[in-house]
Amino acid sequence: MVLRFPSLELVEKVYHTGPVEVPYVPGFLSFREAPNVLKAYEKLQQKPDIIMVDGHGIAHPRRMGIAAHIGVMLDMPSFGVAKQKLTGSFTEPDIAKGSINPLTDKSGDLLGEVIRSKDKVLPLFVSPGHRCDQATATRLTLACLRGYKLPEPTRLADHWAEEFKKELR
DNA sequence: GCGACAG
DNA sequence: ATCTTGTCGC
């Protein structure tokens, strides 16, 4: 789905269903999800300027999480917002909304940022995908918060996906 | 060998 | 991810 920024008003939302043959294997999520995500993207009449993906960007063992993968495939700016860590280490950010700590690899290189998007809830893992820097990924994520743990793009996408699955039954 | 492990 | 029961805090 596409939202206008910074108003976050709905611009367009499309649906797509397709077979999923590849099993889920940590580190290889894009091979399972990307194919159908790309098909859904093709249905959009209004293409976005940047893409927020539910998953990691470069905060990945080989710096190629699904957000980076999708960005490269489409050659579009992208970044990832994940709910769980895949790799790297970090110290728990302060429980207050807006607190941020770095997510780093064994060498100390920055992989992404751990952000408390809401008071006292588990933090989010934000990392650049393709043609996007950390500052932009973090800034946009924070600007998309509306009182919930998840930023509006992924939160609403999850919501409408559930509605769509109900219609199928 | 043991622990970790996006969605 | 999906399913599902019970608990906790505002």
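Reminder, nothing fancy here: chain letters follow the sequence lines and each chain counts from 1. Quantities reported herein were computed from a predicted structural model and do not represent experimental measurements.
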A/Arg155/A/Glu152 salt bridge by N-O under 4.0 Å criterion | yes

C/dA1 P sits how many Å from A/Asn36 CG, rounded?
-> 16 Å

So, is A/Lys85 close to the B/dA6 phosphate, meaning a side-chain N or O under 4.0 Å from OP1 or OP2?
-> no

Let me know the distance between CG of A/Leu86 and P of B/dC5, rounded to the nearest Å.
-> 8 Å

Evaluate the ring planes of A/Phe125 and A/Phe90, with Trp represented by its six-membered ring, and classify them as parallel (under 30°), tilted (30 to 60°) or perpendicular (over 60°).
-> perpendicular

Tell me: CD1 of A/Ile70 to C1' of B/dA6, nearest whole Å?
-> 12 Å

Among the candidates C/dT2, C/dA1, B/dA6, find the nucleotide nearest to the side-chain atoms of A/Lys83.
-> C/dA1

Heavy atoms under 4.0 Å, any strand shown: does A/Phe31 hit a base, just sugar-phosphate, or nothing?
-> nothing

Is it possible for you to check whether A/Arg131 lies under 6.0 Å from the centre of the six-membered ring of A/Phe79, through NZ or CZ, and within 45° of that ring's axis?
-> no

Distance under 6.0 Å and angle within 45° of the ring axis: does A/Lys47 meet both against A/Tyr41?
-> yes

When you check the gap from the basic side-chain N to the acidic O, do A/Asp105 and A/Arg63 get nearer than 4.0 Å?
-> yes

Have a look at A/Gly80 and say if it touches a base, only the backbone sugar-phosphate, or nothing, with a 4.0 Å heavy-atom cut-off.
-> nothing

Round to a whole Å and report the spacing from NE2 of A/His69 to P of B/dA6.
-> 18 Å

To the nearest Å, give me how far apart CZ (A/Phe125) and P (B/dA4) are.
-> 14 Å

Hey, is A/Tyr24 doing a stacking thing with C/dA1, by the 5.5 Å centroid and 30° angle criteria?
-> no

If you look at every strand shown and take non-hydrogen atoms under 4.0 Å, does A/Gln84 touch a base, only sugar-phosphate, or nothing?
-> sugar-phosphate

Just how far, in rounded Å, is C1' of C/dA1 from CZ of A/Phe28?
-> 19 Å

Could you run down nucleotides 3-10 of chain C 5' to 3' and tag each one B, S or - for protein heavy-atom contact under 4.0 Å?
-> --------

Atom CG of A/Leu29 to atom C1' of B/dA4: distance rounded to whole Å?
-> 16 Å

Charged N to carboxylate O under 4.0 angstrom, A/Glu9 versus A/Arg4?
-> yes

Please state how far atom CG in A/Asp54 lies from atom P in B/dA6, giving the value in whole angstrom units.
-> 12 Å

Are A/Thr154 and A/Asp54 close enough, and set up right, to give a side chain to side chain donor-acceptor pair (under 3.5 Å), and what steps lead you there?
-> CA-CA 6 Å; A/Thr154 53; A/Asp54 183 349; 5.9 Å; no

